[in-house]
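See structure below.
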Amino acid sequence: MGRTRVRGIELEWSEGGAGGGDVVLFLHGFPFDRTLWAPQLAALPAGWRGVAPDLRGFGGSDRPAERAYPMEQHAADMVALLDALGVERAVVCGLSMGGYIALALQRAAPARVRALVLADTRAEPDTAEARAQRAEQAAAIERDGAGAFLEGMLPKLLADGAPAEVRTAVQRMMHGTAPETLVRALHGLAERPDARPALPAIAVPTLVIGGSEDRITPPDVLRALADAIPGARLELIDGVGHVANLEAERAFNDALHAFLQALRD
Ligand code: MLT
């Protein structure tokens with residue numbers, strides 16, 4: 001585990017693998033933390049180093065009292081973390097909110113991105129309806145606590161047949177997220193911009209990956225994302241929901257490793 005001060009806050013991160021300059025930066029989704037990526041950090045191919053931070057507000061990282069945690073701010077934190085770790089360019093792998101942040105990082109600092117892995121994510125902004133729902137959810141959490149919000153979210157996250165230990169791991173991450181972080185993240189998610197205009201200019205190898213049973217970012221959304229990025233590959237994992245890397249860690253790792261290997265060929 002590491003703890004590094006960047007942009008006025010302390011970020012905690014886990015590390016896996018070994019190796020020199022070949023780094024994968026893993027960005028977790030909402031409302032998770034860096035332990036989301038434990039199965040990937042534990043099984044990186046030889047020569048690759050993985051870094052999985054807790055994003056601002058999450059896990060063991062600082063939780064500055066800000067109204068919102070915008071995607072651009074997380075992306076700036078990640079560039080600062082790469083600076084602090086002496087990493088020039090990384091493969092950036094983000095799941096869902098982590099994918100929104102990966103795209104924000106790509107827009108803000110394309111020279112720092114060697115390749116993209118976009119898992120169970122989308123480029124579209126929230127609809128007006130989704131924004132209104134997030135505002136209601138944030139208000140309800142402030143008023144009544146996080147219980148009802150988290151209970152309502154869990155069934156949308158996992159495929160019906162998801163293993164019990166995956167369900168437990170997801171619940172632990174969700175319930176470990178501070179209510180004030182949920183509120184600030186909901187505002188940041190609702191305010192994220194439309195990432196679609198920048199997709200045709202992405203010039204790094206890109207893997208779009210996700211579950212065929214994902215209810216939050218279904219296959220059509222993933223297909224549209226892959227179609228809009230020049231040369232991107234789409235990998236759908238059968239029978240798996242929104243947390244594909246945990247629900248099907250073997251299939252996810254196989255696809256990730258093949259992608260990383262191809263970067264070296
Ligand atoms: C996530 O998994 O990060 C969230 O589902 C993202 C979102 O709510 O848009």
Side-chain angles (χ1 to χ4, degrees), residues 26-37 40 52-59 61 68-75 78 92-105 116-138 140-141 146 148-159 162 166-167 169-179 181-196 208-211 213-222 224-225 237 240-248 252:
F26 289 100
L27 307 179
H28 64 77
F30 168 82
F32 306 142
D33 59 43
R34 70 184 195 267
T35 62
L36 174 73
W37 297 110
Q40 283 66 50
D54 283 329
L55 295 164
R56 174 184 293 248
F58 294 84
S61 289
Y69 294 145
M71 301 305 111
E72 290 71 18
Q73 186 182 47
H74 287 304
M78 293 304 104
V92 182
C93 171
L95 182 129
S96 200
M97 181 181 77
Y100 309 156
I101 298 165
L103 289 171
L105 203 165
L116 283 169
V117 181
L118 302 171
D120 299 284
T121 193
R122 64 170 74 236
E124 300 87 38
D126 275 6
T127 60
E129 195 189 346
R131 273 199 299 275
Q133 194 186 25
R134 296 218 208 248
E136 276 169 28
Q137 289 166 333
I141 293 168
F149 169 72
L150 296 178
E151 258 167 54
M153 192 166 183
L154 185 65
K156 295 187 209 137
L157 288 171
L158 301 174
V166 169
R167 199 165 289 272
V170 166
Q171 276 176 310
R172 189 191 42 71
M173 289 189 288
M174 293 171 84
H175 287 274
T177 302
T181 291
L182 296 174
V183 169
R184 294 166 194 160
L186 283 165
H187 292 312
L189 288 164
E191 291 161 15
R192 74 184 191 280
D194 188 351
R196 286 172 296 185
V208 177
I209 183 167
E213 307 300 314
D214 186 338
R215 299 178 179 103
I216 296 177
T217 47
D220 281 358
V221 167
L222 299 173
L225 179 59
I237 307 177
V240 166
H242 188 60
V243 196
N245 71 304
L246 280 188
E247 293 182 64
F252 189 97

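From a predicted model like this one, the values you see are computed outputs, not experimental measurements. Numbering of ligands and ligand atoms starts at 1, following listing order.
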Drop me the distance from [X]'s [atom1] to [Y]'s [atom2], to the nearest 0.5 angstrom.
X: His28; Y: Asn245; atom1: NE2; atom2: CG; result: 12.0 Å
X: Leu55; Y: Thr177; atom1: CG; atom2: OG1; result: 10.5 Å
X: His74; Y: Met97; atom1: NE2; atom2: CE; result: 4.5 Å
X: Tyr100; Y: Arg122; atom1: OH; atom2: CZ; result: 6.0 Å
X: Met173; Y: Phe58; atom1: CE; atom2: CZ; result: 11.5 Å

Which of the numbered atoms in ligand 1 are under 4.0 angstrom from any heavy atom belonging to Gly29? 3 (O)
Mark up the atoms of ligand 1 that fall under 4.0 Å of a heavy atom belonging to His242, in ascending order.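 Reading through ligand 1 atom by atom, the close ones are 1 (C), 2 (O), 5 (O).
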Taking both backbone and side-chain atoms of Met97, is any N or O found less than 3.5 Å from an N or O belonging to ligand 1?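 Yes; at least one N/O pair falls below 3.5 Å.
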Return the option from Tyr100, Phe32, Phe30 holding the heavy atom at the smallest distance from atom 9 (O) of ligand 1.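 It is Tyr100 whose heavy atom sits nearest to atom 9 (O) of ligand 1.
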Residue selection (non-hydrogen contact nearest atom 8 (O) of ligand 1) among Gln137, Arg134, Arg122: Arg134
Of all the non-hydrogen atoms in the protein, which one sits nearest to atom 6 (C) of ligand 1, and at what distance?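 Scanning the protein heavy atoms, the shortest distance from atom 6 (C) of ligand 1 goes to Ser96 OG, 3.2 Å.
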